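Just so we're clear, the structure is a prediction, and the values are computed from it rather than from any experiment.
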Amino acid sequence: MASPFGSMTGDDFIVSDIYTDLPPIDNQRVKLSSSTPFTPTYVKGNVRSTDPAQIYASRIRGRQLLLENPARESKAKREREEKREKRRAEKANKAARVISSRAAGSSGLWRLDREETKFSLFLPLHSLWLGYMSELLALPPAPSGSITQPVADAVPSAPAMHAKLVKADFHGSLVTVRQSKNPCLVGLSGVVVHETENTFKVVTKKDQLKLIPKQNAIFAFSVPLYSTNPPSSSNLRTTILNAPGSATPLTSPDNAQTVLDLPHIEFELHGNQFCFRAAERSNRKFKHKETIEL
């Protein structure tokens with residue numbers, strides 16, 4: 001019968017303390033010096049082998065040995081470091097005059113007064129968005145003179161445009177609600193002045209500020225067929241006809257108010273698959289999904 005505190009043989013019972021110090025090696029104390037360092041002396045004196053020096057030279061000498069578990073950072077220290085990093089980031093944002101979305105909402109940064117909700121005030125923003133789309137989609141310049149080919153032949157590749165449009169910024173775009181579970185929202189159109197994860201805030205032509213949810217809604221928006229940016233070589237104005245043989249010219253980009261006054265391409269946007277912030281969409285990979293009916 002074995003016991004961790006001693007050994008028992010017949011009627012004899014020998015008690016030994018397992019916590020007593022080990023006896024000195026060969027009944028002598030270890031003396032350490034520069035000529036006899038600790039590690040070789042300790043290994044050669046405790047390894048039970050016919051040639052301990054050879055074992056030390058082949059298995060231990062010149063190698064890194066982990067003698068104990070490394071010290072781990074405590075949870076409290078890690079929390080203190082996280083709070084310190086958070087305060088440092090807040091101080092950097094404050095120095096750069098950057099506020100969070102929650103602070104902007106609580107301070108009323110996105111609130112518009114009644115006299116500020118004018119459709120005409122946001123037409124310059126819409127013009128900037130048209131120029132942004134012209135650069136993003138690499139739209140060709142408008143042809144000089146009358147158009148002799150159908151507009152459908154001038155439409156660029158739609159799949160190539162989809163990958164860029166899903167990651168684009170829609171502040172300043174002109175969106176229209178095509179379908180919605182709320183019938184009061186169908187047909188509502190306006191310039192997007194603020195986009196959140198789940199809503200579009202638009203200013204309509206009737207100078208009304210509307211908050212439209214993305215869920216259970218299908219939107220329509222248009223991009224210009226030709227670039228609205230002025231050409232770098234000349235400042236000539238071009239007159240674009242609506243169709244071959246048409247006698248009524250369309251408005252030139254310099255005099256247009258919205259994208260609907262120009263030759264444009266219309267897209268449909270399913271709100272259920274578009275519930276992301278503008279900053280998140282730029283780094284997100286979208287996959288092709290089947291159309292979900294409302």
Side-chain angles (χ1 to χ4, degrees), residues 1-106 136 138 159-160 162-169 196-198 272-290:
M1 179 176 178
S3 174
F5 300 102
S7 60
M8 181 180 295
T9 305
D11 296 336
D12 298 332
F13 182 77
I14 303 174
V15 179
S16 62
D17 188 3
I18 63 174
Y19 297 103
T20 56
D21 297 334
L22 293 174
I25 301 175
D26 296 334
N27 295 325
Q28 295 179 0
R29 292 187 178 275
V30 179
K31 296 180 180 180
L32 303 177
S33 62
S34 59
S35 60
T36 57
F38 168 75
T39 304
T41 305
Y42 179 80
V43 173
K44 294 176 183 179
N46 288 273
V47 173
R48 297 180 180 180
S49 176
T50 57
D51 192 0
Q54 193 274 338
I55 293 178
Y56 169 77
S58 61
R59 298 186 180 183
I60 299 177
R61 184 177 181 181
R63 298 185 179 182
Q64 294 182 357
L65 302 178
L66 184 64
L67 301 180
E68 61 181 359
N69 293 332
R72 297 182 179 180
E73 294 184 358
S74 63
K75 183 178 179 180
K77 183 178 180 181
R78 187 168 59 253
E79 291 178 353
R80 288 196 301 269
E81 291 294 335
E82 292 176 356
K83 291 181 179 179
R84 190 178 294 110
E85 289 294 333
K86 186 177 180 180
R87 288 195 299 266
R88 188 180 295 110
E90 291 178 354
K91 186 180 293 184
N93 291 337
K94 187 176 181 180
R97 296 183 179 181
V98 177
I99 61 175
S100 62
S101 57
R102 179 176 299 180
S106 60
L136 178 67
H162 290 168
K164 297 180 179 180
L165 288 174
V166 293
K167 298 183 178 183
D169 194 334
T196 63
E197 182 177 357
N198 298 309
N272 290 339
Q273 303 176 13
F274 208 68
C275 292
F276 303 99
R277 295 183 179 90
E280 296 176 353
R281 291 200 311 268
S282 60
N283 298 324
R284 186 178 181 84
K285 293 183 179 180
F286 289 88
K287 297 181 180 179
H288 294 283
K289 297 182 180 179
E290 296 182 359

**OP:** For the pair Glu81 and Arg78, find out whether any cationic side-chain nitrogen is under 4.0 Å from an anionic carboxylate oxygen.
**Re:**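 No, this pair does not count.
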
Subject >> Salt-bridge criterion met for Arg87 and Glu90 (N-O under 4.0 Å) >> reply: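 Result for this pair is no, no salt bridge flagged.
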
All N/O donor-acceptor pairs, side-chain side in residues 51-61, below 3.5 Å, sequence neighbours left out:
from  : atom 1 : to    : atom 2 : distance (Å)
Asp51 : OD1    : Gln54 : N      : 3.4
Ser58 : OG     : Gln54 : O      : 2.9
Ser58 : OG     : Ile55 : O      : 3.4

Original post:
Going from CZ on Arg277 to CD on Glu197, what distance comes out if it is rounded to the nearest 0.5 angstrom?
Top reply: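 One gets 4.5 Å once the value is rounded to the nearest 0.5 Å.
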
Subject >> Between CZ on residue Phe276 and CG on residue Asn198, distance to nearest 0.5 Å >> reply: 10.0 Å

Original post:
Should Arg88 and Glu85 be marked as a side chain to side chain contact (heavy atoms under 4.5 Å, CB included) after you check the CA-CA gap, both sets of side-chain angles, and the distance that decides it?
Top reply: CA-CA 5 Å; Arg88 188 180 295 110; Glu85 289 294 333; 2.7 Å; yes

Subject >> For the student: nearest non-hydrogen atoms of Ala163 and Lys167, plus distance >> reply: O-CG, 4.0 Å

